[in-house]
2 protein chains.
Amino acid sequence: MPRPREFEPDAVLNAAMLRFWERGYRAVSVEDLVKATGVKPGSLYSAFPGGKRALFLKSLERYSKLVVPQKLGELEAPGASVDEIRGYFDGLVRDLLSPEGRQGCLLVNTAIENAAEDDEAAAVVRGHLARLERCMTHALENAARRGRVRASLDCSGSAKLLVATCQGLMVVGKANPEEALLRAIVDNAFAALA
Amino acid sequence: MPRPREFEPDAVLNAAMLRFWERGYRAVSVEDLVKATGVKPGSLYSAFPGGKRALFLKSLERYSKLVVPQKLGELEAPGASVDEIRGYFDGLVRDLLSPEGRQGCLLVNTAIENAAEDDEAAAVVRGHLARLERCMTHALENAARRGRVRASLDCSGSAKLLVATCQGLMVVGKANPEEALLRAIVDNAFAALA
DNA sequence: ATTGTTCTTGAATGGTCGTTCATGTATTTT
DNA sequence: AAAATACATGAACGACCATTCAAGAACAAT
């Protein structure tokens, strides 16, 4: 009986995610979202109860499920090793240097902008960091088994360090997107593993 | 002839800096600043032409001149070496774990929140990163001369990595202020130098 | 064709934003 | 004592904020 929806909620969520990604939670107004999606306030609020913040939290989850796996790529494969870590870092550098990728990582931005005042957002960020650390640890263990890193390497600890390094890479890259600088960071991070 | 000021502009600027530090630029309203300083809008705007944003930029500079040197401590001394780098990192961890220090670093927060849309703010951040890198490079060179790090170490590149590491430390610490995690990051960053 | 249900629309809400300005006040010089 | 000057006050500004809601519209079932 009901009248059918005229828009795709997933498409709306995607547009919202992109806005939050490039401008941050506070900088995006509902009017911005209305313009970006073509969906009027009333419909937005009925499709996403909880309004702007709910849309933001759903954006974080969507980012985790859709964008992150694409960036992680082979690093999440069971056989991942040093090359896959390297590939991930190279991808980060490439993104930071490209005009579209300068927005960095939505979850890093959220850690800084919202983690202190929004526990739910912080939880999503923590989940992301844990996932990243898991990948890195696993890849380092594979690498150790294959003799691609020094035998004395603390895989779990080094994974934590690598996670911090890529967060730092994004902070540096956001303020100072210079290829030589970013490459030096990545190169030296890897020199430490050998 | 004129009526004298009833407030200390430096004290006002300090209060503003603290607010921006803990909540971010967008999250702080002028009304917040009025409440925090006791100075009414009219006086605020006449003492700080340019309003909120000027106050923010001045806060960044004040932070650079007053807070940063205190955190850097001996690391800026000519004779600084590994121990001073370590001291700096330990201080960061201590701060991130303390209730007052969870706000992280104003300049890191600014890199994420404002660098993309505010060139002047980004320039201050870049200056800070350059200063940090200069300290680190100098300390590593001292350390190399004294045999405290491996001879093959690329001081300039490792300094860049250490800068990124402490930015990353602050991102991780903001979302997940766990001592064991932060210590592991620092320990492994130093293991890479030996 | 009518009814029931959900959706769309866009104006309106009350609140807050950053900023300005007219008025009154305190102080120093004349 | 009076004039001149800079400051303090806080109400008022228009703009924008997130959100709500009354009205009309589109479809499915009858």
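A, B, ... follow the sequence lines: proteins, then strands. Residue 1 opens every chain. Hydrogens, waters and symmetry mates play no part in the numbers below; they use all other heavy atoms, side chains included.
OP1 or OP2 of D:dC16 has not a single side-chain nitrogen or oxygen of A:S29 nearer than 4.0 Å.
Atom CG of B:N109 is separated from atom CG of B:N114 by 9.5 Å, given to the nearest 0.5 angstrom. For the atom pair CG of A:L140 and CZ of A:R145, the computed distance is 11.0 Å after rounding to the nearest 0.5 Å.
In this structure, A:E31 places its CD atom 11 Å from C1' of D:dA18, rounding to the nearest Å. Here D:dA6 presents its C1' atom at 12 Å from CZ of B:F7, a figure rounded to the nearest Å. Atom P of nucleotide D:dC7 and atom CZ of B:R5 are separated by 5 Å, given to the nearest angstrom. Atom CZ of A:R19 is separated from atom P of D:dA18 by 13 Å (rounded to the nearest Å). As rounded to whole Å, 13 Å separates atom P of C:dC17 from atom OH of B:Y25. Distance, A:R26 CZ to C:dG18 C1': 16 Å, rounded to whole Å. In this entry the distance linking CD of A:E6 with P of C:dT8 reads 5 Å, nearest Å. What separates NZ of B:K40 from P of D:dA6 is a distance of 23 Å, to the nearest Å.
The nucleotide whose nearest atom lies closest to any side-chain atom of B:P4 is, among C:dA11, C:dT27, D:dC7, C:dT27. For A:P2, the side-chain atoms get nearest to C:dT5 when compared with the rest of D:dT19, C:dT5, C:dT19.
Interface remark: the A:R3 side chain does not form any donor-acceptor pair with the D:dC27 base, using a distance-only criterion of under 3.5 Å.
Nucleic acid contact class of A:V28 (heavy atoms, under 4.0 Å, all strands): sugar-phosphate only.
No salt bridge links B:D95 with B:R102; every basic N to acidic carboxylate O contact stays at or beyond 4.0 Å. Under the 4.0 Å criterion applied to side-chain N and carboxylate O atoms, B:E31 and B:K35 are assigned as salt-bridge partners. We find that B:D154 and B:K160 are not joined by a salt bridge, their nearest charged nitrogen and carboxylate oxygen being 4.0 Å or further apart.
Centroid-to-centroid, the aromatic rings of A:F190 and A:F89 come within less than 6.0 Å.
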Pair assignment for DNA chain D - dot-bracket with | for other-strand partners, Watson-Crick or G-U under 3.5 Å | ||||||||||||||||||||||||||||||
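Under the 4.5 Å side-chain heavy-atom criterion for Ile, Leu, Val, Met, Phe, Trp and Tyr, B:V34 and B:L18 are members of the same hydrophobic cluster.
Both the sub-6.0 Å distance and the 45° axial angle are satisfied by A:K52 relative to the ring of A:Y25.
Of the residues in residues 43-57 of chain A, those with a non-hydrogen atom less than 4.0 angstrom from any atom of DNA chain D are A:Y45, A:G51, A:K52.
Judged by distance alone, with hydrogens and angles left aside, the side-chain atoms of A:K174 form no donor-acceptor pair with the main-chain N or O of B:A115 at under 3.5 Å.
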